[in-house]
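For reference, positions follow the sequence shown, starting with 1.
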Amino acid sequence: EACHAALKRLQVDYLDMYFCHRPDINTPIAETAWSMHNLITQGKILYWGTSEWTSQQITEAHYWCEKHNLIAPVMEQPQYNMLHRKFMERDYLPLFENFGMGTTIWSPLASGMLTDKYFNGTGSSEKTRMDLMAWLKERALGDMEKVEKVKKLYALSQQLGMPLSHLALCWCLKNKNVSTVILGASRVEQLEENLKCYESLPKLTNDIMQQIEEISK
């Protein structure tokens, strides 16, 4: 029903990719797999993926699909950025290696933490440096280690002559298991600026990637 409602709302005949956003603990994964397979065979969607599923749940979906000759999920939508790395770089590695899963990551800028607004006050002309420090601390949930990491990453971005947001986005793009980076923007200018990050990609050499690794750990 949700898929049919989406088709009607978007006024299209089918969806290229349909994500199951977070697993429903009250619905067996086998049932979800069957439902997604049926939507594909009905021509309603071309592919299906998962969003915020654990590696175990995704593996179970692939198990059921292989057992019953169903079409398996091809994409996971996880959070991934320089401050949030565990799932992409540890938990999901078997999924990439065994199933060839792709990813469309969200929050590459860590909800705004990995941008210049904390350092230059562009978030609001009325905010003082102390206000912005409080903002960053709040975003980091009181984790001063994260705050220090962001400061060092900002310093590195300045050395490279690019905004911190470009450094963060390019770092995500350098991961071979990242298929798509979702950009969130509240203004057209912000979206255009983020899209320019691709011009900065060549600056992230192996040496720079190692420096980022030493900072973010």
Side-chain angles (χ1 to χ4, degrees), residues 16-17 19 49 51-52 75-93 95-96 100-125 127 129 131-133 135-141 143-217:
D16 293 303
M17 173 67 68
F19 285 100
S51 177
E52 292 289 286
M75 189 80 73
E76 161 60 19
Q77 188 180 80
Q79 179 181 181
Y80 184 54
N81 55 62
M82 289 190 281
L83 304 177
H84 188 96
R85 302 173 53 174
K86 186 186 77 168
F87 290 105
M88 275 289 296
E89 298 181 7
R90 189 186 70 183
D91 293 10
Y92 291 156
L93 284 182
L95 304 178
F96 305 139
M101 292 278 289
T103 59
T104 174
I105 66 162
W106 60 274
S107 194
L109 301 180
S111 299
M113 282 185 63
L114 296 171
T115 64
D116 289 1
K117 70 172 67 177
Y118 157 68
F119 301 94
N120 58 24
T122 56
S124 170
S125 59
K127 288 185 177 179
R129 184 58 59 88
D131 292 330
L132 291 164
M133 171 67 84
W135 173 86
L136 184 60
K137 286 182 179 178
E138 182 180 355
R139 286 297 176 96
L141 300 178
D143 188 341
M144 287 307 298
E145 184 179 352
K146 278 187 178 180
V147 173
E148 292 304 315
K149 287 180 180 179
V150 174
K151 288 180 179 178
K152 292 177 181 178
L153 291 168
Y154 174 75
L156 179 60
S157 71
Q158 295 303 288
Q159 292 176 24
L160 296 172
M162 68 173 75
L164 177 55
S165 57
H166 281 198
L167 183 70
L169 293 170
C170 287
W171 179 85
C172 292
L173 289 170
K174 292 283 285 187
N175 188 322
K176 66 179 182 179
N177 294 316
V178 171
S179 309
T180 309
V181 176
I182 297 177
L183 298 177
S186 56
R187 306 184 313 277
V188 173
E189 302 79 36
Q190 187 180 27
L191 176 60
E192 292 175 341
E193 176 60 31
N194 286 339
L195 288 172
K196 291 179 183 178
C197 76
Y198 200 76
E199 300 172 2
S200 301
L201 193 58
K203 294 183 179 181
L204 270 70
T205 61
N206 291 337
D207 178 63
I208 296 301
M209 291 296 288
Q210 182 58 38
Q211 290 185 52
I212 294 175
E213 183 66 25
E214 292 172 357
I215 294 172
S216 63
K217 297 181 181 178

Inset, instruction - Taking all heavy atoms of A110 and all of L83, pick out the closest pair and write down the distance. - result: CB-CD1, 4.2 Å
Legend entry - Chi angles and distances behind the side chain to side chain donor-acceptor pair (under 3.5 Å) call for Q211, D207: CA-CA 6 Å; Q211 290 185 52; D207 178 63; 3.0 Å; yes
Legend entry - Expected output: side-chain H166 to main-chain G161 donor-acceptor under 3.5 Å: no
Legend entry - Side-chain donor or acceptor of K174 paired with backbone N/O of L204 under 3.5 Å: yes
Legend entry - Point-to-point distance, once rounded to the nearest 0.5 Å, from SG of C197 to CG of L183: 7.0 Å
Legend entry - E213 vs R85, salt bridge (charged side-chain N to carboxylate O under 4.0 Å, His left out): CA-CA, chis, key distance, verdict: CA-CA 11 Å; E213 183 66 25; R85 302 173 53 174; 2.8 Å; yes
Legend entry - Heavy atoms of other groups near N206 CG, more than 12 under 6.0 Å: no
Inset, instruction - Verify, without hydrogens or angle tests, whether K152 (side chain) and I215 (backbone) share a donor-acceptor contact under 3.5 angstrom. - result: no
Inset, instruction - Starting from the C-alpha separation in whole Å, work towards a yes-or-no answer on side-chain contact (heavy atoms from CB on, under 4.5 Å) for S165 and N194. - result: CA-CA 7 Å; S165 57; N194 286 339; 4.0 Å; yes
Legend entry - Distance (rounded to the nearest 0.5 Å) between I105 CD1 and M88 CE: 6.5 Å
Inset, instruction - Mind checking the NZ-NE2 spacing from K86 to H84? Nearest 0.5 Å is all I need. - result: 7.5 Å
Legend entry - Derivation and outcome, side-chain contact (heavy atoms from CB on, under 4.5 Å), residues F87 and Q79: CA-CA 8 Å; F87 290 105; Q79 179 181 181; over 6 Å; no
Legend entry - Check: N81 and L109 side chains under 4.5 Å, non-hydrogen atoms: no
Inset, instruction - Quick one: closest heavy-atom pair of Y92 and E76, and the distance? - result: OH-OE2, 3.3 Å
Inset, instruction - Identify the heavy atoms of M113 and L164 that sit nearest to each other, and give their distance. - result: O-CD2, 4.2 Å
Legend entry - Side chain D116, main chain P163, donor-acceptor under 3.5 Å: no
Inset, instruction - Could you tell me whether a side-chain N or O of T103 sits under 3.5 Å from a main-chain N or O of N177, the two making a donor and an acceptor? - result: yes
Inset, instruction - Return the minimal non-hydrogen interatomic distance between T104 and P78, and the atom names on each side. - result: O-CD, 3.9 Å
